[in-house]
K.L.:
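Just passing along the structure, written as structure tokens.
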Amino acid sequence: MTSRYNFQESETRWQAVWEQRQVFAAREDPSRPKYYVLEMFPYPSGRIHMGHVRNYTLGDVVARYKRARGYNVLHPMGWDAFGLPAENAARDSKIHPAKWTYDNIATMRGELKRMGLSLDWSRELATCHPGYYKHQQKLFLDFLKAGLVDRREAFVNWDPVDHTVLANEQVIDGKGWRSGAPVEKRKLAQWFLKITAFSDELLRALGQLDRWPDKVRTMQEHWIGRSEGAYVTWKVAGRDTAIEVFTTRPDTLFGASFLALSPHHPFTDELARKDAKLAAFVAECDRAGTSEAAIEAAEKIGYDTGLEVEHPLAPGRTVPLWVANFVLMEYGAGAIFGCPSGDQRDLDFARKYGLDVIPVVMPRDADAKTFRIGDTAYTDDGVLINSAFLDGLEVPSAKRKVIERLEALRGGRGTVQYRLRDWLVSRQRYWGCPIPVVHCDACGVVPVPDRDLPVLLPDDVSFEKPGNPLDHHPTWKHVDCPRCGKKARRETDTFDTFVDSSWYFARYCSPRADEPVTRGAADYWLPVDQYVGGVEHAILHLLYSRFFTRAMRITGHAKVDEPFAGLFTQGMVCHESYRAADGRWLYPEEIDRQADGGVVEKGTGEPVTVGRREVMSKSKKNVVAPSAIIDAYGADTARWFMLSDSPPERDLEWSAAGIDGAWRFINRVWRLIDENADRREGAGGAAGDGAAIDLRRATHGAIRDVTQHLERFKFNSAVARIRELSNAIEAFTAGGAAARAAWREAVEALVKLLGPMMPHLGEELWQVLGGKGLLCEQAWPEADPALLVADSVEIAVQVNGKLRATVTVPRDAAQADVENVALAQPAVQRATEGRRPRKVIYRANQVINVVA
RNA sequence: GCCCCUGUGGCGGAAUGGCAGACGCGGCAGACUCAAAAUCUGUUGCCCGCAAGGGCGUGGGAGUUCAAGUCUCCCCGGGGGCACCA
């Protein structure tokens, strides 16, 4: 009769014990080293999905492991609770966003608790709670005082039907995702956080984030996009106006054949007022969306203003002034000079509109007299031609020289540009944190005084009308000016939800404090030692948090610069998709596998097309609900499977077979200990010999390797190593006192090693073994160095690099002895055909290579 | 187009330049069973061979090395990021 592990009973019981004894509640303790483990908090969409299970399992293994290593661990959880889906639910189902959100949180909290995570639930927070966003408003006002906030006009995606601003992702093919109306570029007053004030610092500090994936650092580096170049000033001929342009190729200045202004350049505005055709051209440019994709799709078009501008270094030379749709107002100076010979885009533009093409850089071995530009611009390094005092110079020295000359003549200056733009945080939405300012006709923009925080969202809102419900509210926005007392209006914009998630990690340090963070707590816990989450947040969330941390330092709320000292980005959870003949997607539980490997629809028996494995998504129904898996197999099985099959940074394929394998292993370990009651009474580590000493070596080898694998996030290898130890214990049949002691030592180690991964099974077995206290409070096992080296070693014997035999010799045997044994091997004799070796290379205790 | 990552049995994957395929999934054979499930044992990279043994093998091609999955160069496939950024 084989016994079975009763996971339902066990998991429920241990979760209650942990909660009752408050074992995961964190307290500041300066006498102990701290370790802050954090997983990206979830959006309360309704149910947890497998991506969450993977994310939180990884973090929990780290938290439990570090706790066992003696660290004072902080491991909190909360909810990224503001956002559009709640408003959509309100509109579609008439459920208030707050109710929808809090109901979802209650459901998901229950699901997370069933996973057995070692979380300090007493620190739980939700960003939609006034107790959280009050402090966000305070931070914003402090940033405002410190000059880190700006309100200015910006072009945004405006949906003329829904009367709202859309995020770039909500503009599809130039049309609003919901209304389908062509999106317009509109200039509106918007709130910005001045992240560009830290462009250089955010870029340079990436070098110190040595526990971040290179990939993420590179992505941020590109996103910030530092480029060196120069501003060059061009006088408009016959007018008292000058145009400044930015270029990274000042060396090509003599190849300029036109200047192009952005459609939104102030000088374009000025000209368009008197030029109806230009105004029409600008309007045409604005009809396209502002998203990168929309710009990319758009054809390059230009408009000749008829004006000429004077070349700053070639007296008497002028080039035509154009307005072009591809010139961005937000980057550089909002104007460029076009050098068609050195830039493909400029070349295409010049060919289209019949502008000059003057070669100014050519390959070193080319001839200046015959060098011509065809359909391809020359963008490589080389020497300057047709460029007056620059002729003959290489590109880098030409750049230096031309900048020197421009600066001397006051016609320009060298500069550094960043691609990074200020962070637009205004959203015309209800379910977000209100921006705490008041607009007064007399006083202008007035910050809400601290004593009046939080600015609460009104409960009684309607989602009937399109647009911002806060703006439609009959009374909410009408207030008296805090400064002069006259009638004034509240700001009705709310914050981008990325603001909420930019400082939650700091709030966890003192989640109920009546200030954003308590310095004592923040100084102790920050930075987060290990952050775990999806790579999809590589840029926005992580960059915003890095900015926020610096802004909080400047406003006195924190002392650290970087929020996350270590970052791990996990892969996604994938599954095959299934499709019926009529095109319907089918859930995995709606199909049957037949003996011949065919797949049919349950019930009908109709054949099903099996799609490739891809990220689980509701639209393709290739999802498996975590709750169903936990019901059927328990949390430990789900956790173990999440860790066992794939390295955590790669995508993981969910499979029923994999879950079965995990479930089988749990029961194997259970039986291993449950069915060996007679062996459990082992004494302390007696020396033993033979089989017993071999088992002890296996135990201590496993301790060393699992420890190393966990340190390096190689959880799948740690799993494999634990399985090996378990196999070794199963195979161990020796009797006697020493054998019992070795067995006892081995199973204790096994339980401790698997504890962070399968905490419920671990506690249960710890109890069966008669261990003191809770497993989650036990110290991590230490490997005994004396048991990590064997007396004899197996040496690979190669002839000319090919394996021919293996020999077992005493550890650290003399090379001559090993050589003799190796050469005597029949296989070696055959391979060398009796010849004397020309050379023998010996790597101690590992390999010997005979070169014949 | 540019940048980064990646390619290993039927599958997921392992391997500080030193015995490729650990560990698992799946398969095959067997034990237990009236039978099945569960469990257990053995076996399982490919090819030749009754066997002993031999040959071939980490996307393809070259190179460095006593020794290459690992390092270098070229090519091919897969994934991701950026993409009018002047």
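Model, not experiment: these values are computed from the prediction. The analysis underlying the following values was restricted to heavy atoms, covering all of them including side chains, and did not include hydrogens, waters or symmetry mates.
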K.L.:
Across all strands shown, which nucleotide pairs with B/U72 by Watson-Crick or G-U wobble geometry, both distances under 3.5 Å?
P.N.:
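B/U72 is paired, partner B/A62.
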K.L.:
The criterion is ring pair (Phe, Tyr, Trp, His ring centres under 6.0 Å); which residues satisfy it with A/H700, sequence neighbours excluded?
P.N.:
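With neighbours one apart ignored, the set is empty.
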K.L.:
Hey, does A/S655 reach any base, or is it just sugar-phosphate, or nothing, if we go heavy atoms under 4.0 Å?
P.N.:
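No contact.
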K.L.:
Using Watson-Crick or G-U wobble geometry with both distances under 3.5 Å, which nucleotide pairs with B/G57?
P.N.:
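Base-paired to nothing in any strand shown.
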K.L.:
Which residues pass the side chain to side chain contact (heavy atoms under 4.5 Å, CB included) test with A/T569, not counting sequence neighbours?
P.N.:
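A/T569 satisfies side chain to side chain contact (heavy atoms under 4.5 Å, CB included) with A/P213, A/V216, A/V535, A/L567 only.
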K.L.:
Applying side chain to side chain contact (heavy atoms under 4.5 Å, CB included), name anything that partners A/D645, two or more places apart in sequence or on another chain.
P.N.:
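Side chain to side chain contact (heavy atoms under 4.5 Å, CB included) check on A/D645 returns A/F641.
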K.L.:
Suppose we screen for side chain to side chain contact (heavy atoms under 4.5 Å, CB included). Which residues come up paired with A/T707, at least two apart in sequence or across chains?
P.N.:
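Scan of A/T707 (side chain to side chain contact (heavy atoms under 4.5 Å, CB included), adjacent residues dropped) gives A/Y65, A/R69, A/I703, A/W780.
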K.L.:
Spell out protein contact along nucleotides 54-72 of chain B as letters: B when the base is contacted, S when just the sugar-phosphate is, - when no protein heavy atom is under 4.0 Å; keep the 5' to 3' order.
P.N.:
SSS---------BS-----
K.L.:
Out of B/U16, B/C85, B/A86, which nucleotide sits closest to the side chain of A/R419?
P.N.:
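Given the options B/U16, B/C85, B/A86, the side chain of A/R419 is closest to B/C85.
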K.L.:
Which donor-acceptor pairs under 3.5 Å do side chains of residues 327-342 of chain A form with protein atoms, sequence neighbours excluded?
P.N.:
from, atom 1, to, atom 2, distance (Å)
A/Y331, OH, A/S227, OG, 3.0
A/S341, OG, A/I358, O, 2.7

K.L.:
Would you tabulate the side-chain donor-acceptor contacts of residues 792-801 of chain A under 3.5 Å, counting partners in other chains and residues two or more places apart, or write 'none'?
P.N.:
from, atom 1, to, atom 2, distance (Å)
A/N800, OD1, A/A852, N, 3.0

K.L.:
Have a look at A/R650 and say if it touches a base, only the backbone sugar-phosphate, or nothing, with a 4.0 Å heavy-atom cut-off.
P.N.:
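If one applies the 4.0 Å heavy-atom cut-off, A/R650 turns out to touch the sugar-phosphate alone, with no base involved.
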K.L.:
Roughly how many Å is it from CZ in A/R421 to C1' in B/A86, rounded to a whole number?
P.N.:
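A/R421 atom CZ is separated from B/A86 atom C1' by 13 Å.
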K.L.:
Nearest whole Å is fine: how far is B/U6 P from A/M572 CE?
P.N.:
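Roughly 16 Å, once rounded to whole Å.
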K.L.:
With a non-hydrogen cut-off below 4.0 angstrom, is A/Q344 in contact with a base, only sugar-phosphate, or nothing?
P.N.:
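Nothing, no heavy atom under 4.0 Å.
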K.L.:
Are any protein N/O atoms closer than 3.5 Å to N/O atoms in nucleotides 26-30 of chain B? If there are, list each pair with its distance.
P.N.:
from, atom 1, to, atom 2, distance (Å)
B/G26, OP2, A/R664, NH2, 3.3

K.L.:
Enumerate the residues from residues 716-732 of chain A whose closest heavy atom to RNA chain B is under 4.0 Å, giving them by residue number; use none for an empty result.
P.N.:
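Those residues are A/N716, A/S717, A/A720, A/R723, A/E724, A/N727.
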K.L.:
Looking at residues at least two apart in the chain, or sitting in another chain, which of them share a ring pair (Phe, Tyr, Trp, His ring centres under 6.0 Å) with A/F568?
P.N.:
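Expected list: A/F713.
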K.L.:
Run the side chain to side chain contact (heavy atoms under 4.5 Å, CB included) test against A/D705 and tell me which residues pass, sequence neighbours left out.
P.N.:
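With sequence neighbours excluded, A/D705 shows a side chain to side chain contact (heavy atoms under 4.5 Å, CB included) to A/H709, A/R721, given in chain and number order.
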K.L.:
Return the polar atom pairs (N/O with N/O) between nucleotides 50-52 of chain B and the protein under 3.5 Å, or none.
P.N.:
none

